[in-house]
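Have a look at the structure below, then the notes.
Naming: A, B, ... by sequence-line order, numbering from 1 per chain. The model shown is predicted, which means the values in this text are computed figures rather than measured ones.
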There are 2 protein chains.
Amino acid sequence: MLARREPVTLRALVEGTGASTMAVYTHFGGMPGLWRAVRQEGFTRLAARLSTVPAGSDPVQDLAALGAAYVANALAGPALYRAMFDAAADLEDPGAAEAPFRTLVASAARARDGGRFAGESDPEAVATRIWAAGHGLAMLVLTGALPVEALDAHAPAMVTALCVAAGDREERAARSVRAGWAAARPLGA
Amino acid sequence: MLARREPVTLRALVEGTGASTMAVYTHFGGMPGLWRAVRQEGFTRLAARLSTVPAGSDPVQDLAALGAAYVANALAGPALYRAMFDAAADLEDPGAAEAPFRTLVASAARARDGGRFAGESDPEAVATRIWAAGHGLAMLVLTGALPVEALDAHAPAMVTALCVAAGDREERAARSVRAGWAAARPLGA
DNA sequence: CGCTATACATAGCAGCGTCATGCATCGATG
DNA sequence: CATCGATGCATGACGCTGCTATGTATAGCG
């Protein structure tokens with residue numbers, strides 16, 4: 001129903017299933033509980049998608065690939081992605097939003113340990129900033145404030161800028177990000 | 001009602017005003033029209049707030065100050081800010097979202113023309129990226145995915161990184177952003 | 001002064017989430 | 001094997017939502 005942009009109503013949900021609305025109350029405790037489960041599922045799928053991005057020898061390229069996969073996930077299920085962030089802190093498992101984030105942190109840490117980023121660069125901070133950049137860009141596109149082309153136009157540049165700020169050399173970061181972004185481009189073709 | 005986190009319902013809206021629900025239909029055409037007007041008002045207020053940031057001699061400092069004012073506006077009225085981006089493209093005046101954006105573009109253009117940014121740097125692109133960074137950070141905080149401290153911790157760093165990528169020298173950008181951010185800090189004190 | 005068009009109060013409708021009630025069904029217990 | 005308690009859920013109803021058909025004032029204009 002989310003994918004078809006239909007309004008998600010309790011009655012429409014159970015129609016055709018042979019079940020009644022009470023089943024939803026038994027299993028989810030009500031509509032807010034159902035949405036909580038939906039958000040949970042959204043973060044689970046996001047984590048799954050990010051985990052398909054292989055960790056290669058170039059951690060900066062991996063960061064860009066993770067960013068591309070993240071944005072691609074948002075674009076593939078816009079309604080689900082927006083629902084996830086209606087109340088990102090209210091999940092069945094409160095730590096579920098952490099899993100996708102950890103993937104980013106891990107790559108940032110590898111970049112630092114491998115000498116690409118400065119020794120004093122904080123992997124959590126770098127990951128948070130890349131997350132915020134991707135989320136902001138994705139949200140602006142999903143809400144219609146920016147055209148979809150903005151993703152390809154700005155996301156790689158933002159990731160590059162953040163990696164350079166973390167200590168990578170400009171030319172090298174640009175090359176790695178280009179490669180990583182191309183490997184998991186959000187827009188097909 | 002938005003500020004008090006009360007659910008915005010037609011009946012609660014007219015209660016106590018002496019008017020009936022029909023008045024809303026006369027003036028706004030229904031609930032979606034009312035929300036459209038609310039979003040419009042949100043963008044108008046945002047533009048007003050950004051216009052209070054004076055254009056000083058340091059355009060990079062101005063960019064940071066605009067970013068701080070933008071985030072402060074979001075934090076001052078979280079519900080309004082979120083409502084604005086429920087459908088940022090559906091406004092009474094479709095160009096209303098452009099006004100705040102233009103303020104950013106103007107500062108980026110001044111930075112380029114004044115030699116702070118590279119001659120080939122695109123002010124619209126720089127402004128879009130700063131916007132996306134601020135929006136992403138603000139949204140993650142408003143939805144509870146990040147703590148409020150994340151704003152001070154990451155927003156200045158992101159703006160700096162984007163300005164450096166646009167051509168500014170690292171140390172100089174950092175100093176300007178620090179000054180601009182402090183001038184219009186989102187979190188009081 | 002009278003006519004028309006606009007503004008809105010009233011009352012009611014369909015659809016929503018929710019829950020009290022009651023009926024099955026299943027697993028444990030004697 | 002029979003019985004009893006607990007669980008799962010279908011039924012129906014309740015209050016609230018946005019919406020609108022109807023009727024009535026009121027304001028503006030010839």
Side-chain angles (χ1 to χ4, degrees), chain A residues 1-45 77-94 96-97 139 142-145, chain B residues 1-45 77-94 96-97 139 142-145:
Chain A
M1 294 171 73
L2 281 177
R4 296 175 198 173
R5 296 196 197 110
E6 299 167 355
V8 177
T9 143
L10 194 50
R11 287 173 164 84
L13 190 74
V14 299
E15 188 168 0
T17 65
S20 80
T21 63
M22 272 306 293
V24 174
Y25 280 82
T26 299
H27 295 288
F28 300 98
M31 211 58 184
L34 179 70
W35 281 111
R36 192 176 307 124
V38 167
R39 289 192 293 271
Q40 179 79 31
E41 174 70 17
F43 279 105
T44 302
R45 290 191 194 180
L80 177 56
Y81 185 79
R82 295 188 61 171
M84 285 164 61
F85 289 96
D86 269 0
D90 183 19
L91 299 172
E92 291 171 353
D93 170 13
M139 271 304 202
L142 293 188
T143 59
Chain B
M1 294 171 70
L2 281 176
R4 296 176 196 172
R5 297 197 196 109
E6 300 167 354
V8 178
T9 139
L10 194 50
R11 285 174 166 86
L13 191 72
V14 299
E15 188 168 0
T17 65
S20 81
T21 65
M22 272 306 293
V24 174
Y25 281 84
T26 299
H27 294 288
F28 300 99
M31 213 57 186
L34 179 71
W35 282 110
R36 192 175 308 122
V38 167
R39 290 192 294 271
Q40 180 78 31
E41 173 69 16
F43 279 105
T44 301
R45 290 191 194 182
L80 177 57
Y81 185 78
R82 295 187 63 171
M84 285 164 61
F85 290 96
D86 270 359
D90 183 19
L91 299 172
E92 292 171 353
D93 170 12
M139 271 304 203
L142 292 188
T143 59

Practice item. Just do the salt bridge (Lys or Arg N to Asp or Glu O under 4.0 Å) check on B/D86 and B/R39 with the steps written out, would you? Key: CA-CA 9 Å; B/D86 270 359; B/R39 290 192 294 271; 5.9 Å; no
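- Between the CH2 atom of B/W35 and the P atom of D/dC19 there is a distance of 12 Å, rounded to whole Å.
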Exercise for review: Using the salt bridge (Lys or Arg N to Asp or Glu O under 4.0 Å) rule, take B/E15 and B/R11 through it: C-alpha gap first, then chi angles, then the decisive distance, then the call.
Suggested key: CA-CA 6 Å; B/E15 188 168 0; B/R11 285 174 166 86; over 6 Å; no
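- For B/R45, the CZ atom sits in a loose shell: 12 or fewer heavy atoms of surrounding residues, nucleotides or ligands are nearer than 6.0 Å.
- Among the heavy atoms of the strands, none lies under 4.0 Å from A/P7.
- Counting non-hydrogen atoms under 4.0 angstrom, B/G18 reaches the backbone sugars and phosphates but no base.
- Note: A/M84 CE to A/E41 CD = 10.0 Å, rounded to the nearest 0.5 Å.
- Put simply, CG on B/L10 is 13 Å from C1' on C/dC8, counting in whole angstrom units.
- Between B/M1 and B/A12, the shortest heavy-atom distance links the atoms CE-CB, 3.8 Å.
- A residue-by-residue look at A/T21 and A/A12 shows that A/A12 has its nearest nucleotide of DNA chain C further toward the 5' end.
- In this structure, CZ of A/F28 is placed 17 Å from P of C/dC19, rounded to the nearest angstrom.
- Protein atom CE of A/M31 is 22 Å distant from nucleotide atom P of D/dG15, rounded to whole Å.
- Between C/dC8 and B/Y25, no contact under 4.0 Å exists linking OP1 or OP2 to a side-chain N or O.
- Residue A/V8 is the one, among A/M22 and A/V8, whose nearest nucleotide of DNA chain C lies closer to the 5' end (criterion: closest heavy atom).
- The base of D/dG18 lies close enough to the side chain of B/R11 for a donor and an acceptor atom to sit less than 3.5 Å apart.
- As judged by a 4.0 angstrom heavy-atom cut-off over every strand, B/G33 is placed among residues making no nucleic acid contact.
- At the phosphate of D/dG8, neither OP1 nor OP2 sits under 4.0 Å from any side-chain N or O atom of A/T26.
- Within the structure, a side-chain polar atom (N or O) of A/T9 is placed less than 4.0 Å from OP1 or OP2 of C/dC16.
- Between B/L13 atom CG and D/dG18 atom C1' the separation is 13 Å, expressed in whole Å.
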